[in-house]
Number of protein chains: 2
Amino acid sequence: MDTSHPLPPDAERPLLAVDVVIFSLRQRDLQLLLVRRRYPPFKGRWAIPGGFVHVAESLEQAARRELEEETGVHAVYLEQLYTFGEPRRDPRGRVISVAYVALVPADVTARAGDDAAQADWHSAHALPALAFDHAEIVQYALQRLRYKLEYTAVGFELLPHEFTLSELQAAYETVLGERLDKRNFRRRLLEAGILEETERYREGESQGRPARLYRYRRDAVTEVKARRLFP
Amino acid sequence: MDTSHPLPPDAERPLLAVDVVIFSLRQRDLQLLLVRRRYPPFKGRWAIPGGFVHVAESLEQAARRELEEETGVHAVYLEQLYTFGEPRRDPRGRVISVAYVALVPADVTARAGDDAAQADWHSAHALPALAFDHAEIVQYALQRLRYKLEYTAVGFELLPHEFTLSELQAAYETVLGERLDKRNFRRRLLEAGILEETERYREGESQGRPARLYRYRRDAVTEVKARRLFP
DNA sequence: CCAAAAGTGTTGGTTTTACACCCATGG
DNA sequence: CCATGGGTGTAAAACCAACACTTTTGG
């Protein structure tokens, strides 16, 4: 950054916001958390959670703070998505939004923050009209999520700590929007060495034979040279 | 972005900069353009070109403006990389930098902008000490470039309009840092259908049999479902 | 004992890799 | 005529996709 002095008179001093697209799997559906705006502009519209970055706060800290305000969770998957900075994206003036994507396990519940009247989960495939350019942000986030899931093992972040292989497969199918072959799916994930078998079984929750529970190996090598998990 | 009013008193109004990592291939080496800072902080240090975003200017416009100031080129490959916003990354105060990556053809020449004493190409593998957090930005840009090159056909953007297959292969080898098999490389690129044979040959420039010139088919489908070009 | 879901291998086709020689030109 | 880089095919190995039955439990 060549911030040569003197500062050019036409340099922008925008407001700086972070917005977080929070994905979760609930009822076998990919959902994301939206809050209803209490104040203009776009009063009453749904929006993705976000807020201004505080003084001396890093972007990621700000994103985690927003995430925690809405969901109470802290230690979850979070990555920077893209920065949206069109001059007129906010009618009140120049606001730069650094968008993040978060993946939270299915057992997390939404809670309304101070700024939002309601916070609710919405199916990613049937979203209401959104405030600002948030529809664009969500589109981009979805694309990134699918992409990530194909190439990396990030799918676990959407499930509880322990899960069955069928649950994991259902998660992949929901996000990717396609059916996968059970045997090939299992083989691939087990061979990838990122799962750890537990001694426990999912019992009673449904008919049929109880399924073994697995957990994600936190110590697994994330990926050295990406090879598609599901080509 | 939930920009609920009233504005929180602790909201940040940072300066907004764009920085552009400009890659090019010269002398069979992957190089990037650096400018020497004329003013403090980091006076005299090398930095990647960049500057503040003007009022009512989009982020991409700002990046293209900086790019053009340094190189004179306009219509080249440019993509947003990442946003760096650590509170203390600039000693003068809070400055958010939206970093971009640009790929320019080998025949582009650097020219010093107003703000920079010099602008020069440096090998990506032997960089001087850089100002601010620019070393980190460059590291990240290199990673992204390698990644892109493996999965997409973006390599052409680093070459002149017409090029031989050997030149293209050398470009890939330089960026990826590994040798590729000539026959496999050719087969794959030709089968991908993104190259167009010209009637011309690269003659006289070196010993040996003249090589056919190819050009990139601008109308080519960039990629539907990414498949690695070089697994 | 029936319904429901879990679990498990093999085969054929495709893709990928490894590899060596002849060709056209300039000096 | 020799040195230099351009151009070309094939065979073995690895990988992927498709496919059906047995096992375990709860009702």
Side-chain angles (χ1 to χ4, degrees), chain A residues 27-28 149-151 153 159-160 162-174 176-215 223-231, chain B residues 25 27-28 149-151 153 159-160 162-174 176 178-215 223-231:
Chain A
Q27 299 119 250
R28 307 226 142 187
L149 218 58
E150 285 193 349
Y151 285 92
L159 294 174
E162 296 188 338
F163 47 84
T164 70
L165 288 182
S166 299
E167 287 163 357
L168 184 60
Q169 183 178 345
Y172 273 83
E173 288 177 342
T174 298
L176 298 179
E178 61 185 294
R179 312 288 334 262
L180 300 171
D181 179 89
K182 181 162 64 158
R183 280 173 288 193
N184 293 340
F185 180 86
R186 282 163 189 246
R187 184 187 12 248
R188 234 164 276 191
L189 268 130
L190 294 175
E191 281 174 2
I194 44 195
L195 294 190
E196 197 164 54
E197 206 174 274
T198 70
E199 295 306 302
R200 314 195 321 106
Y201 292 83
R202 172 87 71 226
E203 290 182 86
E205 308 236 335
S206 69
Q207 308 277 106
R209 175 173 171 178
R212 168 151 247 138
L213 288 165
Y214 288 80
R215 83 170 71 89
E223 44 166 343
V224 188
K225 191 147 187 173
R227 196 161 251 300
R228 277 180 92 174
L229 235 34
F230 305 103
Chain B
L25 280 167
Q27 298 121 249
R28 306 227 144 188
L149 219 57
E150 285 193 347
Y151 285 93
L159 294 174
E162 294 187 342
F163 48 84
T164 72
L165 288 181
S166 299
E167 288 163 357
L168 184 60
Q169 182 178 347
Y172 272 84
E173 289 177 342
T174 299
L176 298 179
E178 61 185 296
R179 312 289 332 261
L180 300 171
D181 179 89
K182 181 162 63 158
R183 280 173 289 192
N184 294 340
F185 180 87
R186 284 164 188 244
R187 185 184 14 247
R188 233 164 279 191
L189 268 130
L190 294 176
E191 281 173 2
I194 43 194
L195 294 188
E196 198 163 55
E197 206 175 274
T198 70
E199 295 306 302
R200 315 197 319 109
Y201 293 83
R202 173 86 71 225
E203 290 182 86
E205 310 237 331
S206 70
Q207 308 276 107
R209 175 173 169 180
R212 169 151 248 139
L213 288 165
Y214 289 78
R215 82 169 73 88
E223 46 166 341
V224 189
K225 191 148 188 171
R227 196 160 252 301
R228 279 180 90 174
L229 236 35
F230 303 104

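All values below were derived from every heavy atom in this structure, side-chain atoms included, with hydrogens, water molecules and symmetry-related copies excluded. The sequence lines fix the lettering, A, B, ..., with proteins before strands; numbering per chain opens at 1.
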- For the atom pair CZ (Phe185(A)) and CG (Leu165(A)), what is the distance rounded to the nearest 0.5 Å? 7.0 Å

Protein-nucleotides 7-11 of chain C N/O pairs closer than 3.5 Å?
residue	atom	partner	partner atom	Å
dG7(C)	OP1	Arg212(A)	N	2.9
dG7(C)	OP2	Arg186(A)	NH1	3.1
dG7(C)	N7	Lys182(A)	NZ	2.7
dG7(C)	O6	Lys182(A)	NZ	3.3

- Message: Tell me every residue that passes salt bridge (Lys or Arg N to Asp or Glu O under 4.0 Å) with Arg215(B), counting only those two or more places apart in sequence or in another chain.
- Response: Glu162(B), Glu196(B)

- Among Arg186(B), Arg202(B), Lys182(B), whose side-chain hydrogen bond (donor to acceptor under 3.5 Å, both in side chains) with Ser166(B) holds? Arg186(B)

- Item | Phe163(B) CZ to dG6(D) C1', straight-line distance once rounded to whole Å | 16 Å

- Using atom CZ of Arg179(A) as one end and atom P of dC19(D) as the other, report the distance to the nearest whole Å. 14 Å

- Query: Among all residues two or more places apart in sequence or in another chain, which pass the side-chain hydrogen bond (donor to acceptor under 3.5 Å, both in side chains) test with Glu203(A)?
  - Reply: none

- Qualifying residues under salt bridge (Lys or Arg N to Asp or Glu O under 4.0 Å), relative to Arg187(B), sequence neighbours excluded: none

- Sequence neighbours excluded, the answer for salt bridge (Lys or Arg N to Asp or Glu O under 4.0 Å) partners of Arg212(B) is Glu197(B)

- Could you give the CD-to-C1' distance, from Glu191(B) to dT16(C), as a whole number of Å? 11 Å

- Task: Starting from P on dA17(D), measure out to CD on Glu178(A) and report it in whole angstrom.
- Result: 10 Å

- Approximate separation, where rounding is to 0.5 Å, of Leu195(A) CG and Leu189(A) CG: 5.5 Å

- Note on the structure: Between CD of Glu203(B) and P of dC23(C) the distance, given in whole Å, is 20 Å

- Note on the structure: To the nearest angstrom, the CG-C1' distance between Leu168(B) and dG5(D) comes to 16 Å

- Message: Nearest whole Å is fine: how far is dA18(D) P from Arg188(A) CZ?
- Response: 10 Å

Atom pairs, N/O to N/O, protein against nucleotides 1-3 of chain C, distance under 3.5 Å?
none

- Item | Closest approach of Leu176(B) to Glu150(B) (non-hydrogen atoms, all atoms of both residues) | CD2-CG, 3.7 Å

